[in-house]
Structure formats: C-alpha cells, structure tokens
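Input: a single structure, listed below in structure tokens.
Numbers here are sequence positions counted from 1. As the structure lists them, so they are numbered: ligands from 1, and atoms in each ligand from 1.
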Amino acid sequence: MIKDKMKIHPEVARALKEGRPVVALESTIISHGMPYPENIETARALEHIIRENGGIPATIAIIEGVAKIGLTPEEMAFMAVSKDILKVSRRDLPEVLGLGKNGATTVAGTMILADLAGIRVFATGGIGGVHRGYDKVLDISQDLEELSRTNVAVVCAGVKSILDIRSTLEYLETKSVPVYVYQSREFPAFYSRKSGIPWDFEVADLADLATILKTKWDLGFDGGVVLANPIPAASELDFEMMNDLIIEALKKAGDLGIEGKAMTPFLLDEVKSLTRGDSLKANIALVANNALVATQLAVALAKK
Ligand code: PSU
Ligand code: MN
C-alpha cells in the first residue's frame, strides 16, 4: 500500500539494490529551517558533499501526497520556494499522504520514510527535543519518540540550546536511544562545540559506530542512534552569547503566543535576526560537516 505513495529516485533505488552507501537528508530544513536562497544552496551543497565522498544522497519530501526518496532539481526548487508546505512528523503523515498534500519532513518524518526505503543513515542539522519550560507546556519533539522506534542513525550537531539539552539527553536515555559524540567528550550545542555537559560516550572511529549499529539491529533492538558531530571550530558561535539571545527569542515567542510546531521555526528565525545572519552561516557550516561524517558512516556501514 505504502509503495503506491512512495517514489524512490532511480539512482537511489539502484544504489540501495547494490548495497552502496546512501545518505538521507530532510526537507524541513529547506522549507522551514532556512530562508531562500540559502536553503536551496545548502540543499544542493549537501548532495554534492555526499557524492564527493562516495555516497548517494536522498533528500526526502512529500509532493502531492507522494513520498519522494531523492528529489529532482525541480522538486528541490519547489520545496525551497513554495509557501504551501506542511511540516510533517509521524502524526501528519496520514493526512499529507492520504489527502495528496505537500510536506517537508522533519527528523521524525524523514526517519520513517528513509526506513521504509531501506536507508539507514541520515544527516541533518539538529534534532528536536524537550523544550525549555516543559514543566508548564509539555513540548517534546516527536523526533525523540521516533529515535526510539525507527532504525536509522541520525548525524546532527547536537541539540540547540533553544531546547533543554540536559532533559533531552535524559529522555533519550529513558527511551534507550544510544547517543554518541564524534571525537569529543562534551555534548555539543549545535552552534557551539560546548554545552557544559560532559559526555562519556565518544566515538573516535566511525567503523566502531557502524559495528554498534549492526549489533543493535542484529539483536532486534529497534530504534535509531544519535551521532552528535560538533560544529567545526572555525564556524562556532559563543555558547554564552547564543544562550542569552535564545532567552530573548523565547521571551518574544511567549509574548506573541507562538506554540506547537511553529515554535522551532520561529526561534530559528529570531536567532538569525539577533545574530545578523551569523547563526545561519554557522548552521550551513555544521550541516555540511554532518553530511560529510554521515557519508563516512554510510561507507563504513556498507562494508559490514
Ligand atoms: N533543529 C534545527 N533546525 C531545524 C529543525 C530542528 O536546528 O530545521 C527542524 C528539524 O526538522 C526537526 C524539527 O526535526 O525542526 C523539530 O520540530 P519540532 O520541535 O516541532 O518537533
Ligand atoms: Mn513541539
């Protein structure tokens, strides 16, 4: 049934059949996470990085109710410019697929479709998590639930401090999701390499992570793994400064009554204005670095 609603790009289908390394990319970052034209430039650059390093990219989105696994250049441009695109996690999939709507997939939505297509590695910017102030409004991203059930490794730059990083990590532990940091012993905070949270689960060599993934899935333990890949030092922003700006953005969100799925895009946009675009530059740099590491992980996994 889902097969009628899913179209795998021929290049991606061939690579999957031959067991070559495929890396999934999300589309919420294109439609809701970055402004035009940086969004399309970044989306294209990510695919280029994956190819240069021996992988096949598969950007995932839903167009007129069909889940596309790998986009044509026209489809990618559509996702970058159209205003009429829903943000799609697990709960939105039945509506968007069923009623023929357009949807940009979040980390959760992309994991589901990647898994159905047989793609095991996915690169993004940051995962969703437990929002600050969850004791008043219980805002916890569906990404965390998806990580506990769907077999895809997610390479990200950690968790943005628009979220409660510590609570997000505790939630992932409760849900038995393995969380590793690549070549560091501190959990990264998206725009910065540090967060003040020490982390013992370091992966120094991606071949080890490929072995861990294979072992997890061989054991029949469903769910994903998070690989937090710190932003390159040359592109990072100061943690304390970002924290202050985020507190300002959160206050504005509260004053304007922003809530639900609009919260993350609102905060991203506010932070971009407050940093006069520096946060967008950092975002572009970290997601490129994640595409590279995800490709290296997919190459290592293809050898297992
Ligand atoms: N974090 C970012 N940039 C993003 C997102 C998160 O730094 O664009 C997007 C991702 O698609 C993620 C989603 O899956 O926001 C989480 O949204 P929510 O908090 O509404 O679950
Ligand atoms: Mn939410």
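For I127, no nitrogen or oxygen atom sits less than 3.5 Å from a nitrogen or oxygen atom of ligand 1, counting backbone and side chain alike. When only interatomic distances are considered, the shortest N/O to N/O separation between T264 and ligand 1 falls below 3.5 Å. Residue N283 places no N or O, backbone or side chain, under 3.5 Å from any N or O of ligand 1.
Shown in contact with L268 at under 4.0 Å from a heavy atom are these atoms of ligand 1, numbered in order with element: 3 (N), 4 (C), 8 (O).
Shortest distance from the Mn ion (ligand 2) to D139 is reached at OD1 (N/O/S atoms only).
No donor-acceptor distance shorter than 3.5 angstrom exists from the side chain of R20 to the backbone of G54, with no hydrogens or angles considered. With hydrogens and angles disregarded, no donor-acceptor distance shorter than 3.5 Å links the side chain of E146 to the backbone of M111. N151 places no side-chain N or O within 3.5 Å of a backbone atom of G224 that could act as its donor or acceptor partner.
Distances from atom 9 (C) of ligand 1 to the heavy atoms of I30, T106, T28 put T28 nearest. Atom 5 (C) of ligand 1 has its nearest heavy-atom neighbour, among G33, G126, A108, A104, in G126. Looking at E26, H32, K160, M34, it is K160 that brings a heavy atom closest to atom 2 (C) of ligand 1.
Among protein heavy atoms, the minimum distance from atom 21 (O) of ligand 1 is reached at S141 OG, 2.7 Å. Nearest protein heavy-atom contact of atom 16 (C) of ligand 1 is D143 OD2, 3.8 Å.
At least one heavy atom of K87 lies less than 4.0 angstrom from ligand 1. The closest approach between a heavy atom of H131 and any atom of ligand 1 is below 4.0 Å.
Sparse packing is recorded around CD of E259, with 12 or fewer heavy atoms of other residues, nucleotides or ligands lying under 6.0 Å away.
A salt bridge between E11 and R51 is present, with a side-chain N of the basic residue lying under 4.0 Å from a carboxylate O of the acidic one. Remark: D222 does not engage K216 in a salt bridge, criterion side-chain N to carboxylate O under 4.0 Å. Ion pairing of R193 with E186 is absent here, as no side-chain N (NZ or NE/NH1/NH2) approaches a carboxylate O to less than 4.0 Å. Salt-bridge check for E75 with K68: passed, with a basic side-chain N closer than 4.0 Å to an acidic carboxylate O.
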